[in-house]
Colleague: 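Got a structure for you, questions after.
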Amino acid sequence: MNQRTHIETGLSVLEARLLNPQGGQVRRGAEVRPFITLGHETGAGATTVGQLLIPLLEQSFREEGQGWVFLDKNLLAHALATHNLPERLAEFLPEDTVSEIKSVIGELVGLHPSLWELEHKVSEAIMQLGYLGRMVIAGRAAYLITRSLSGGFHVKLAASAEVRIERVMKLLQCDAVTAAAHIRKTDRGRRRYVKTRFGQDVDDPHLYDLVINTDRMTPMAVARLIVEALRNRLLDLRASGGVDPALVEAAGVGI
């Protein structure tokens, strides 16, 4: 499945679930279903791992009509569409506070709402996805926005500079110097965004339930490790009465 087909399939499943009166009506106080957030360093493999997670999760946590969805680069577009905002506004919301300059100009000429309002709407959409459950959400500090939801399992993917540069070189078809510059710029923006918006250090391991070094693990091995860790989390949640027992049974961890 190519990237375009993957995105189209994921969004079609998401749309169907949002419209499904059985599982799509998300309301505060309802049972929280499990979901995964992927925090990541640039080049640590989040997109590949996220795509591999979906079939593994659907196989491990079966429930009719409730497929899993992976949202990474298309997450912001979904968040904007949820609030009837044009997708072109995505350029004003990178994970970098430099966007505030563009935002102020845009506000003055009436191009879009304030940056604060846009960020609030995106965060609101991410929270809705968390309530809906069965999502793998990468980016936009989803692990911080959804911290209050007990169904969340928050993973950080990291890798050495050498490995990440090699991966980005292949992805962008560029030399090592260009790849290293891209990594520094992207990670710096993400770090600044998290610090400015949430007052947190993106590299703090205590923000995550599981931190994985992807240097010497295949993407499939990483995905399987995450699924196994989620299975154990569901077992703990069941013991505390915080998850549907049927979901735990489907995962093969009944007690």
Side-chain angles (χ1 to χ4, degrees), residues 1-14 17 32-63 66-75 78 126 129-130 132-143 146 149 151-160 162-164 166-168 170-171 183 186-187 190 202-203 205 207-238 243 247-253:
M1 181 182 294
N2 60 39
Q3 178 68 8
R4 181 177 179 83
T5 302
H6 160 73
I7 292 175
E8 291 175 347
T9 300
L11 287 178
S12 65
V13 173
L14 176 60
R17 287 182 54 199
V32 178
R33 295 183 181 276
F35 65 94
I36 295 170
T37 67
L38 291 179
H40 58 93
E41 296 176 333
T42 305
T47 297
T48 301
V49 170
Q51 292 175 355
L52 290 172
L53 273 171
I54 299 305
L56 292 177
L57 289 164
E58 291 185 343
Q59 180 181 9
S60 297
F61 307 102
R62 295 176 294 276
E63 186 172 347
Q66 294 293 325
W68 284 73
V69 179
F70 173 49
L71 294 169
D72 58 345
K73 293 178 181 179
N74 54 327
L75 172 61
H78 162 70
I126 291 174
L129 294 173
L132 187 64
R134 288 181 173 79
M135 300 285 171
V136 177
I137 309 172
R140 299 305 306 177
Y143 57 97
T146 61
L149 303 181
F153 188 71
H154 309 291
V155 180
K156 172 69 176 286
L157 302 181
S160 65
E162 294 79 7
V163 169
R164 294 193 290 139
E166 182 178 347
R167 290 172 179 169
V168 172
K170 293 179 180 178
L171 178 65
I183 290 172
T186 305
D187 282 351
R190 186 172 292 128
V202 71
D203 297 317
L207 297 176
Y208 312 93
D209 299 306
L210 179 65
V211 179
I212 304 176
N213 184 339
T214 66
D215 271 14
R216 290 180 288 182
M217 296 181 67
T218 65
M220 180 58 76
V222 173
R224 286 173 175 161
L225 177 60
I226 293 172
V227 171
E228 183 61 26
L230 178 60
R231 183 178 288 113
N232 289 326
R233 167 60 62 82
L234 290 177
L235 186 62
D236 292 340
L237 284 174
R238 180 185 180 180
V243 70
L247 181 64
V248 183
E249 296 291 348
V253 292

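These numbers were taken from a predicted model, which means no experiment stands behind them. The chain is numbered in sequence order, starting from 1.
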Colleague: Passes side chain to side chain contact (heavy atoms under 4.5 Å, CB included), Val69 versus Ile54? Steps please.
Modeller: CA-CA 7 Å; Val69 179; Ile54 299 305; 5.6 Å; no
Colleague: State the CG-CG distance between Asn213 and Leu157, to the nearest 0.5 angstrom.
Modeller: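 One finds 10.0 Å between CG of Asn213 and CG of Leu157.
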Colleague: Could you tell me if Thr214 and Arg167 have a donor-acceptor pair between their side chains, going purely by distance under 3.5 Å?
Modeller: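 Yes - a donor-acceptor pair under 3.5 Å links their side chains.
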Colleague: Please list, chain by chain and in numerical order, all residues satisfying ring pair (Phe, Tyr, Trp, His ring centres under 6.0 Å) with Tyr208, sequence neighbours excluded.
Modeller: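 For Tyr208 the ring pair (Phe, Tyr, Trp, His ring centres under 6.0 Å) partners, ignoring immediate neighbours, are Tyr143.
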Colleague: Using a 3.5 Å distance criterion without hydrogens, assess whether the side chain of Asp209 forms a donor-acceptor pair with backbone atoms of His154.
Modeller: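 Indeed, once roles are kept as given, a pair shorter than 3.5 Å links the two residues.
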Colleague: Mind listing the closest non-hydrogen atom pair of Pro219 and Thr48 along with its distance?
Modeller: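 For Pro219 versus Thr48, the nearest heavy atoms are CB-CG2, 3.6 Å.
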Colleague: Quick check: does any side chain N or O of Asp72 sit under 3.5 Å from a backbone N or O of Thr47, one acting as donor and the other as acceptor?
Modeller: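 No, because the side chain of Asp72 does not come within donor-acceptor range (under 3.5 Å) of the backbone of Thr47.
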Colleague: Please test Ile212 against Ile226 for side chain to side chain contact (heavy atoms under 4.5 Å, CB included), starting from the C-alpha separation and ending with a verdict.
Modeller: CA-CA 9 Å; Ile212 304 176; Ile226 293 172; 3.8 Å; yes
Colleague: Can you tell me how far CG of Leu230 sits from CG of Leu225, rounded to the nearest 0.5 angstrom?
Modeller: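 So the gap between those two atoms works out to 11.5 Å.
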Colleague: Measuring from atom CD of Glu166 to atom NZ of Lys170, what distance do you get when rounded to the nearest 0.5 angstrom?
Modeller: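 The CD atom of Glu166 sits 4.5 Å away from the NZ atom of Lys170.
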Colleague: Quick check for you: to the nearest 0.5 Å, what is the distance between Met135 atom CE and Ile126 atom CD1?
Modeller: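 Taking CE in Met135 and CD1 in Ile126, the distance rounds to 12.0 Å.
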Colleague: Within the distance-only criterion (no hydrogens, no angle test), does the side chain of Glu41 pair as donor or acceptor with the backbone N or O of Asp187 below 3.5 angstrom?
Modeller: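 Side chain of Glu41 to backbone of Asp187: no pair is present.
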Colleague: Under the rule for salt bridge (Lys or Arg N to Asp or Glu O under 4.0 Å), what residues qualify as partners of Glu162, not counting sequence neighbours?
Modeller: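 Glu162 satisfies salt bridge (Lys or Arg N to Asp or Glu O under 4.0 Å) with no residue once adjacent residues are dropped.
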Colleague: Is Arg190 reaching over with its side chain to a backbone N or O of His40, donor-acceptor style, under 3.5 angstrom?
Modeller: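 Checking the backbone N and O of His40 against the side chain of Arg190, a donor-acceptor pair under 3.5 Å is found.
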Colleague: What pair of heavy atoms forms the shortest contact from Ala46 to Phe70, and how long is it?
Modeller: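 For Ala46 versus Phe70, the nearest heavy atoms are O-CZ, 3.9 Å.
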Colleague: Do the side chain of Arg164 and the main chain of Ala159 share a donor and acceptor less than 3.5 angstrom apart?
Modeller: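 Judged by distance alone, yes, a pair lies under 3.5 Å.
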Colleague: Measure the CZ-CZ distance between Phe35 and Arg134 for me, rounded to the nearest 0.5 Å.
Modeller: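 Interatomic distance, Phe35 CZ to Arg134 CZ, rounded to 0.5 Å: 13.0 Å.
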Colleague: Of all heavy-atom pairs between Gly50 and Val136, which one has the smallest distance, and what is that distance?
Modeller: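 So the two residues come closest at CA-CG1, 4.5 Å.
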Colleague: Got a sec, which residues hit salt bridge (Lys or Arg N to Asp or Glu O under 4.0 Å) with Asp203, two or more places apart in sequence or on another chain?
Modeller: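 In terms of salt bridge (Lys or Arg N to Asp or Glu O under 4.0 Å), with neighbours along the sequence ignored, Asp203 is linked to Lys156, Arg191.
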Colleague: When rounded to the nearest 0.5 angstrom, what is the spacing between CG in Leu53 and CD in Glu58?
Modeller: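 Reported value, rounded in 0.5 Å steps: 11.0 Å.
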